Structures are given as structure tokens and as C-alpha cells.
Amino acid sequence: MASRGGGRGRGRGQLTFSMEAVGIGKGDALPPPTLQPSPLFPPLEFRPVPLPSGEEGEYVLALKQELRGAMRQLPYFIRPAVPKRDVERYSDKYQMSGPIDNAIDWNPDWRRLPRELKIRVRKLQKERTTILLPKRPPKTTEDKEETIQKLETLEKKEEEVTSEEDEEKEEEEEKEEEEEEEYDEEEHEEETDYIMSYFDNGEDFGGDSDDNMDEAIY
Amino acid sequence: MTQAEIKLCSLLLQEHFGEIVEKIGVHLIRTGSQPLRVIAHDTGTSLDQVKKALCVLIQHNLVIYQVHKRGVVEYEAQCSRVLRMLRYPRYIYTAKTLYSDTGELIVEELLLNGKMAMSAVVKKVADRLTETMEDGKTMDYAEVSNTFVRLADTHFVQRCPLVPATENSDPGPPPPAPTLVINEKDMYLVPKLSLIGKGKRRRSSDEDATGEPKAKRPKHTTDNKEMWPLAYSQSQHSRVNSEFQFTFQTQTSSEIVRTMLRMSEITTSSSAPFTQPLSSNEIFRSLPVGYNISKQVLDQYLTLLADDPLEFVGKSGDSGGGMYVINLHKALGSLATATLESVVQERFGSRCARIFRLVLQKKHLEQKQVEDFAMIPAKEAKDMLYKMLSENFISLQEIPKTPDHAPSRTFYLYTVNILSAARMLLHRCYKSVANLIERRQFETKENKRLLEKSQRVEAIIASMQATGAEEAQLQEIEEMITAPERQQLETLKRNVNKLDACEIQVDETIFLLESYIESTMKRQ
């Protein structure tokens, strides 16, 4: 303690060890002091070794890129909901983006997952059975077929919502979020003044022929 | 988890699963085990999104759950599993080299989907193979099943833990989450699936036993197979394998060692320091068919290998014509050291590398001794030593002469601590992979408009070709992309490829260093 205090008082520039031990002799030019953080991209002294090329390298590279692309297409890739644009547009209500009711696109084995992770299990099961029944009258263009199929499944879900509503209200175990969700869903559905299947969002306007049109064109 | 690892995990999750999963995953990695509500509250995402994300993460074995008292389920992320995602292309390639295209596709399907039932995998792979084959030929399901069984036998795939069958009639409410148990012996059992059929049309004997609705699935709980770190350890053996090729001089000796490794693939766990002892008779019998060396020559090779100063192969006994083991720990140690040396050489020059190797060899050296042994002038030697010291490749060891540790009366010795240097290098590798991924994403984002345009043009060309268009029209559409734009696309593609190749290369170093660190930690 005494020596420490004494050292501080005497000769402030002195170090605790001798410079010779570290290897800096007297009168040697020291490197300039660093006054700023090291540069972000310091210049390289030596060029890096070239990457291994060859059949194996290229094949693994191709595999990597394919894997990346494939994973983006799988249902496991969850895309965030489309953010609301500045002006609320009329067609927003009828855009079919993403799985309906926040459900999952794929079917995990629910026996291996905790129960709380299920979102509307019964609904999913019913959806499965309805989608399986093919109910498509032959149409001229493929786009139309797809949108009509989507609209039909939507219609069925709408029917299920109203029928399930009564069932689920009778249950005891019901989570609050589900209730809120249902409530919103119903409101959302009721907001539409027009029957969903009659809506044509105008994308294929002027592109198809005028047969089988019981829908009004706006 | 270090910041660099968390950053890398976040980038990997975002690339493969999207932003929502990334947010939840990173939050779990940072904060450890948490229940559902807390996750939703802390990350500010809606409960549904959190549920979806957790389902995806659990499916891909990145998150595990546990039931605590009072029925609360807590979720925990496994950072090392997320980092493993970098290595998926390597696994697929290893499966391809060992089991040809069928194995490759099986492994790919399992990696893409996390876990799958065996029947589902077999069906998908067979359908995919049928598509690529010539018209009229179809892929037999039995062949794919056989490959699957072989993969399970060599521990490439592993079975998931099962829900235990409830023997008693449970009067109370079912548990909030199933507790999954797995019997060690059952891990590699393949269910007896007799799938009859080829190609598209299929009848499987155990599935449509009853005409029940699809809600009831009779046997699928036992079918699940999962791609787990086992594949990692499996590839590890094959990879350490291939590293050996370079260390051994002759092809025969490398072949012998490769045989020994292959034989001990199943019996040795991934982090064991030694393989199980193998007798020379066994090795002789398991040598690949093309190798015609006599037993005596094999014995000579084995004795030479055992006497080698590198000490990769050791003799552990004399029964059965000599029992030999491979010293995995030593092998990994020398591979890690070689990596460090090469990094020093590429970064600082060959004189620095000489000093580094010197200090490695002599363990502890004083400054003066370094200058003398390396035959490098004092000033330069000092400079190089301090450079390496500042980058933490070399460390200082103090040996005091007096109990008060006075600096003027202490020896300062330079030494290389391989474990800590390996850890430091690993950390840098994680950082560099994260940088590479970010740079790649940046490049892609910069040229997003151009990429989209070129994709649209390609789609138009494809559809027009399908409907039979003339050459002139196709030419016109191709010209929609101007020449400088084409060049820009070319540069972009080249850069992205280079960055991807860099990632793969750094991943190899990561693999090596991780294996070494794991093996050293297990020994201690």
C-alpha cells in the first residue's frame, strides 16, 4: 500500500516494469499512438487463397442454392402479414393473402406438440374433409378456376364459422384469444354487403370470354 | 451464446423460415426457457404468430419443450442446432457419395421437413425419382425403402421420441404436452412397412386396413424418422475420413484408416477419444474388394502406422493379430493445429508462421530465445510476436521469480494455448459467416428489381415456348433485358456464387474446430 502510494507520487511517467524487459530499448522509435478505432476495411497485406473449385465444390454450391430456394417455397416459411397501405382500399377485403384464420398450411403430428399450440383444431379437420371433395365445374381459364375454388372454400368456412360458433360457446375450456378471434372473424364476415362468390376483383377484365357469367362486371 | 453466434442464428433463421420465426427463435436463444405467453408479450407479436412459429421450430428440431409444474409448458431453443443448418448441403452431398441419388433425396426431404414418417418419405422420394427417369420407367418403392433402412442402420437417420401409450384409462384431463420418451435400442428400428407399388399408383398394406377417415392413422406414430445430430456425427466420421486422406502419404495407408473408420462408425460415439479396438483380422476382412494386399503387408502397414510420430493409430493389444485403435482426439488436435498454422501463415506471412510453429513445438519460449531459434532479426521478431499476441494467437505466460511478482523479476514466456486459440478462431469464423450472409443479402437486395425483371422475362419466354411461338417473338422478348443489364446480372450471379462458396468453405473450418473443442472438453 505504501509503495503504491509512493510510486504514484514520485515520477509519474514511470512504468512498473523496465522497458528493456519487454524489448523496447532506449531511444527506439515507437509506433504512433492510436487516436481512432481501427479502420473498418483494413488493407490486406496478403491476398486470400483462391476458393476450391471443382466438381464437388460446384455441386455443393448448387445444392445450397437449391435448398435455400426450396425452403422459401415450403409452408414452413412464414411470411409476415402484408402491412396496411396508406389508404384503405375496397379490394383489401377481398384479397386472399395467406392462410385463412391464421391457420397453418401444413399438418404436424399434433400428438407430439403441446396442446396450447393448436389453432382451431376442429376447424382444420373439417377443412380437410371439405377440400377433398372435388366440386369444380369445368371453366375456360385456369385463373378463374383457382379463384372460384378459393372463393368456394371461403364460403364453406363462412358456413362453418356460424355453425361452430354455437358449439364452441357451450364449451367450458375456451381461451380468450380464440373468442376474440372468432368475434372479429364474424364481424369481418358480416361487413360484406355482397356475397363473396359473386365478387370479381376485376383482374381478368377483358381477358376472357363472356360465357357462364352470372356475375356483374364493374 | 456469444453475440456472433446469435447474429448468425438470426440470419440463418431469417433466410430459411422468414422474419416471424426469426424473431421468436432469436428471442428464445437469448433468454432461454420461456412459456408461450411470455414470449408473445416480450416480442410483441400476436399469440397466433407465436404459435405458428413455435410449431415450425419444433418440427425442425430447433426448439424443445418441457412441461413444468402447474402445467406450464416452457420452450427452449437450441443454438447449436440452428448453427447446424449451415451444414445441410454437406450432409446431402455426403449421403449422395455413400448412397447415390436415392439416399441424397431421402436426406434432402428429411432436412427440408424436419421430421417425417417413413412411408411419407419413401413415397415422395420415389415420386421424385420417377419424374426424373425416362418415360415408362418407375421407381420401385422397395428400393427406396431399402436405402432408407441402410441409412438407419448406419445411423444417418434416427427415430423421434414417441408418445408413450397410455395404459390406464385416464380419468383426469390429458396433460398439456406429451412427454416424449425414447428407448435407446429403438432409435434405429425401422418399422415393418410393406409398401406395395411403384410410381404414382400405390397400395400400402398397413394403411388402408380399414376404410376409416383420415383422422385416424393407425401406425404413423411409430413411423417417424428424424434427421438429427446423428447425421452430424455420421458426416463427421466421413469427413474426418477425408481429411485423413491428405495427411497420409500413400493411398494404401489412407485406405486402411478409412476402412477402420468405416467399421467403427456405428460403435463409436461422436465425441469418443478412441475408436473401439479392431483386430487386424477384422480389418483384413473388411478391406474393400479391389484391394489386393496380403495379410503380411497389411500387418506391416499397421505397425508402421502405430509407430508413426503423429500417433493417429495406436496399438492397444495383441489378440486377434494385433488390436488397433484410431486416436480421434489426437487426429482432431493435429487437424486443428494445422488450421491455426495455415491461418497465421495466410494472415501474417510465412516468417510469422515460422515463429508460430516454433513456439508450438517448444511450448514456452522467451523473447530472446524466439529470436535465436527462428533466426529472424530482433526487431522484426518482436513486431511479429506482438502482432500475433494482439490477435490472441499467442499468449503470455508469467513465471515470477519473487513472490511479489515484480515485473522486472518475472519471466515472460510466449506460448500457444491451442484450445483458446481454436475458440478464438471459431468465434471469428462465426462472425465471418454472418458477414458473408449479410453481404450476399445486400447484393441481392440491391439488384432486386433487375432480378425480378429477369424472372418475369424467363417466365414469359417459357410460357410462350409452351404455346409454340416463333423465333422472332422470342428474340424480341429476350431483348427486353438490355446488354448492360445482362452484364449486371452476370456480375451479380458471380458474386453471389463466390459468397456462397466462401460460406461453405468457412463452414468446413467451423466443423473442424467445433469437433476439436468438443473432443477436448469431453476429455477434461
Side-chain angles (χ1 to χ4, degrees), chain A residues 15-18 20-24 28 31 44-49 51-53 56-68 70-72 74-81 99 101-106 108-109 111-119 125 128-129 132 173 175 177 181, chain B residues 15-21 36 46-49 51-56 58-60 65 67 73 88-90 92-93 96 108 111-114 160-161 163 174 176-178 180 213-215 220-221 224 346-349 367 378 382 406-408 410 412 496-498 500-505:
Chain A
L15 298 164
T16 52
F17 55 93
S18 68
E20 276 101 23
V22 188
I24 304 172
D28 261 357
L44 283 176
E45 287 171 19
F46 305 94
R47 303 233 56 167
V49 182
L51 292 164
S53 59
E56 181 190 332
E58 285 176 19
Y59 192 80
V60 179
L61 182 66
L63 271 177
K64 186 177 170 63
Q65 291 176 335
E66 269 174 32
L67 202 72
R68 210 165 46 223
M71 283 213 131
R72 291 189 91 94
L74 286 176
Y76 305 115
F77 194 94
I78 302 181
R79 296 191 155 82
D101 314 327
N102 274 333
I104 313 182
D105 283 343
W106 48 286
D109 186 359
R111 276 168 298 203
R112 316 173 76 98
L113 293 174
R115 268 183 326 162
E116 61 185 6
L117 288 183
K118 289 181 200 165
I119 311 175
Q125 285 188 345
R128 249 189 270 148
T129 49
L132 283 174
E173 289 183 288
K175 295 190 186 163
E177 310 83 49
E181 221 187 295
Chain B
E15 265 205 331
H16 291 122
F17 298 115
E19 283 163 7
I20 300 178
V21 177
L36 182 64
S46 77
L47 207 58
D48 271 344
Q49 305 278 45
K51 286 183 196 173
K52 275 202 272 189
L54 281 172
C55 282
V56 171
I58 295 179
Q59 172 77 9
H60 285 261
Y65 62 84
V67 186
V73 183
Y88 284 178
R90 270 281 160 197
I92 304 179
Y93 185 70
K96 184 187 170 78
E108 194 181 324
L111 282 174
L112 281 177
N113 289 299
C160 293
V163 185
L180 305 172
K214 293 245 167 102
H220 275 201
T221 46
N224 274 329
E346 294 304 325
R347 209 159 249 281
F348 302 116
Q367 172 124 24
K382 245 179 277 176
S408 53
T410 320
Y412 289 99
V496 167
N497 282 351
K498 217 186 254 189
D500 266 332
C502 287
E503 278 175 47
I504 298 175
Q505 185 66 18

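Only heavy atoms go into these numbers, but all of them, side chains included; no hydrogens, no water, no symmetry mates. Every chain is numbered from 1 and lettered A, B, ... according to where its sequence line falls, protein lines coming before strand lines. Note that the structure is predicted; figures quoted are calculated from it, not measured.
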Asker: Taking the side chain as C-beta and beyond, is there a heavy-atom pair between B:Ile92 and A:Val60 under 4.5 Å?
Answerer: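 Counting from C-beta outward, B:Ile92 and A:Val60 never come under 4.5 Å.
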Asker: Sequence neighbours excluded, which residues qualify as side-chain contact (heavy atoms from CB on, under 4.5 Å) partners of A:Glu58?
Answerer: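 Counting only residues at least two positions away or on another chain, A:Glu58 forms no side-chain contact (heavy atoms from CB on, under 4.5 Å).
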Asker: Could you report the tightest heavy-atom contact between A:Gln65 and B:Asp500, atom names first, then the distance?
Answerer: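 Scanning both residues completely, I find the closest heavy atoms to be NE2-OD2, 2.9 Å.
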Asker: Go through the steps to decide whether A:Ile78 and B:Phe17 satisfy the test side-chain contact (heavy atoms from CB on, under 4.5 Å), and finish with yes or no.
Answerer: CA-CA 6 Å; A:Ile78 302 181; B:Phe17 298 115; over 6 Å; no
Asker: Hey, mind stepping through A:Glu56 and B:Arg90 against salt bridge (Lys or Arg N to Asp or Glu O under 4.0 Å) and telling me if it holds?
Answerer: CA-CA 10 Å; A:Glu56 181 190 332; B:Arg90 270 281 160 197; 2.9 Å; yes
Asker: Please identify, among B:Glu19, B:Glu108, B:Gln59, the residue contributing the most non-hydrogen atom pairs under 4.5 Å to chain A.
Answerer: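 Ranked by contacts with chain A, first place is B:Gln59.
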Asker: Nearest 0.5 Å please: distance from the CG atom of B:Asn497 over to the CG atom of A:Leu61.
Answerer: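 So the CG of B:Asn497 and the CG of A:Leu61 are separated by 5.0 Å.
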Asker: Check whether any side-chain heavy atom of B:Lys96 sits under 4.5 Å from a side-chain heavy atom of A:Tyr59, and report yes or no.
Answerer: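 With C-beta onward as the side chain, the pair touches.
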Asker: With a 4.5 angstrom heavy-atom cut-off, which part of B:Leu112 approaches chain A: side chain, backbone, both or neither?
Answerer: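 Both parts, backbone and side chain.
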Asker: Just jot down the side chain to side chain donor-acceptor pair (under 3.5 Å) partners of B:Gln505, sequence neighbours excluded, or say none.
Answerer: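 For B:Gln505, no residue satisfies side chain to side chain donor-acceptor pair (under 3.5 Å) once neighbours in sequence are set aside.
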Asker: Check whether any side-chain heavy atom of A:Tyr76 lies under 4.5 Å from a side-chain heavy atom of B:Val21, and answer yes or no.
Answerer: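 No, side chains not in contact.
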Asker: Walk me through it: do A:Arg72 and B:Glu15 pass the test salt bridge (Lys or Arg N to Asp or Glu O under 4.0 Å)?
Answerer: CA-CA 8 Å; A:Arg72 291 189 91 94; B:Glu15 265 205 331; over 6 Å; no
